[in-house]
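The next block holds one structure in the form of structure tokens; read it before the comments.
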Amino acid sequence: MTRRLFPLFAATLALAVFAPTAPAASPVEAKADEIVAYRAVKWQSSHFEDADKAATHAKTLKKLGCEVKTGAHGGHTDVSHRCPEWREIALATHEKAHEWEEWLKANGFETRHAH
């Protein structure tokens with residue numbers, strides 16, 4: 001498993017706008033011991049009626065290191081992503097780790113979170 005820890009400062013900016021569905025993060029979390037590993041080997045897609053939410057979702061996925069494709073048609077936007085290699089996110093608390101794990105799973109990721 002490739003281990004990639006990265007600071008969440010850039011992701012925090014993207015996630016602040018996307019707060020209703022993505023857990024909030026802070027730069028302090030990059031120093032944390034709670035680790036959630038994630039990957040999405042196959043392409044996953046989400047459907048958005050709101051172009052701004054689609055753009056924010058795509059930006060968040062890119063900050064997490066995913067390949068992202070977007071396509072607008074028929075009055076909506078599809079955001080597709082994949083992340084075939086394992087990546088990791090470091091979080092400040094166990095609660096935050098579970099919030100992120102839930103968000104990742106809801107968006108088609110496979111996750112690992114050791115207790």
Side-chain angles (χ1 to χ4, degrees):
M1 174 170 80
T2 302
R3 231 173 168 209
R4 294 188 184 195
L5 295 176
F6 55 92
L8 295 176
F9 182 73
T12 300
L13 297 176
L15 296 174
V17 177
F18 202 58
T21 52
S26 70
V28 174
E29 292 173 344
K31 300 175 187 172
D33 292 327
E34 289 289 329
I35 305 295
V36 176
Y38 59 92
R39 72 175 178 179
V41 176
K42 296 181 181 180
W43 285 97
Q44 306 293 317
S45 293
S46 300
H47 177 93
F48 292 88
E49 298 294 330
D50 183 320
D52 290 336
K53 287 185 180 180
T56 301
H57 187 70
K59 189 174 182 178
T60 300
L61 292 166
K62 287 177 184 177
K63 296 288 183 189
L64 290 171
C66 300
E67 297 174 59
V68 179
K69 297 179 187 177
T70 59
H73 56 92
H76 70 274
T77 304
D78 292 321
V79 178
S80 299
H81 70 276
R82 74 175 177 173
C83 185
E85 300 295 324
W86 282 102
R87 295 184 177 268
E88 294 181 343
I89 186 170
L91 299 148
T93 66
H94 190 69
E95 180 180 281
K96 289 284 187 192
H98 277 288
E99 288 176 16
W100 268 100
E101 189 174 24
E102 184 178 313
W103 185 88
L104 288 161
K105 285 181 179 181
N107 285 282
F109 289 90
E110 177 183 357
T111 65
R112 293 182 185 164
H113 176 212
H115 294 273

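Quick note: numbers below take in every heavy atom, side chains included, and nothing from hydrogens, waters or symmetry partners.
With rounding to the nearest 0.5 Å, the separation of CD1 in Ile89 from NZ in Lys96 is 11.0 Å. Here the straight-line distance linking atom OG of Ser46 with atom CG of Leu61 works out to 7.5 Å at 0.5 Å rounding.
Side-chain atoms of Val36 and Trp103, non-hydrogen and from C-beta on, never get closer than 4.5 Å to each other. Residues Lys69 and Trp43 have side chains in contact (heavy-atom distance under 4.5 Å, counting atoms from C-beta outward).
Residues passing the side-chain hydrogen bond (donor to acceptor under 3.5 Å, both in side chains) test with Thr111, sequence neighbours excluded: Glu101. For Glu95, the salt bridge (Lys or Arg N to Asp or Glu O under 4.0 Å) criterion is met by no residue, not counting sequence neighbours. Scanning for side-chain hydrogen bond (donor to acceptor under 3.5 Å, both in side chains) contacts around Thr70 gives an empty result, with sequence neighbours left out. Residues satisfying the side-chain hydrogen bond (donor to acceptor under 3.5 Å, both in side chains) criterion with Thr77, sequence neighbours excluded, are absent altogether. For Asp78, the side-chain contact (heavy atoms from CB on, under 4.5 Å) criterion is met by His47, His73, His76, not counting sequence neighbours. Scored by the salt bridge (Lys or Arg N to Asp or Glu O under 4.0 Å) test, Glu102 finds no partners at all (sequence neighbours excluded). Among residues two or more places apart in sequence or in another chain, the side-chain hydrogen bond (donor to acceptor under 3.5 Å, both in side chains) test is passed with Glu67 by Arg82.
The aromatic rings of Tyr38 and Phe109 sit perpendicular, their planes meeting at an angle over 60°, well past the 30° parallel limit. A perpendicular orientation is assigned to the rings of His113 and His98, their planes being inclined by more than 60° (bins at 30° and 60°).
Glu85 contributes no side-chain N or O that, together with a main-chain N or O of Cys83, makes up a donor-acceptor pair within less than 3.5 Å.
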Trp100 vs Glu34, side chain to side chain contact (heavy atoms under 4.5 Å, CB included): CA-CA, chis, key distance, verdict
CA-CA 11 Å; Trp100 268 100; Glu34 289 289 329; over 6 Å; no

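Residues His57 and Val79 come closest through the heavy atom pair CD2-CG1, 3.9 Å. For the residue pair Ala40 and Gly108, the shortest heavy atom distance occurs at CB-O, 3.9 Å. The two residues Val68 and Lys62 have their closest heavy-atom pair at CG2-CG, 3.6 Å. Heavy-atom minimum distance, Ser80 versus Ser45: OG-OG, 2.7 Å.
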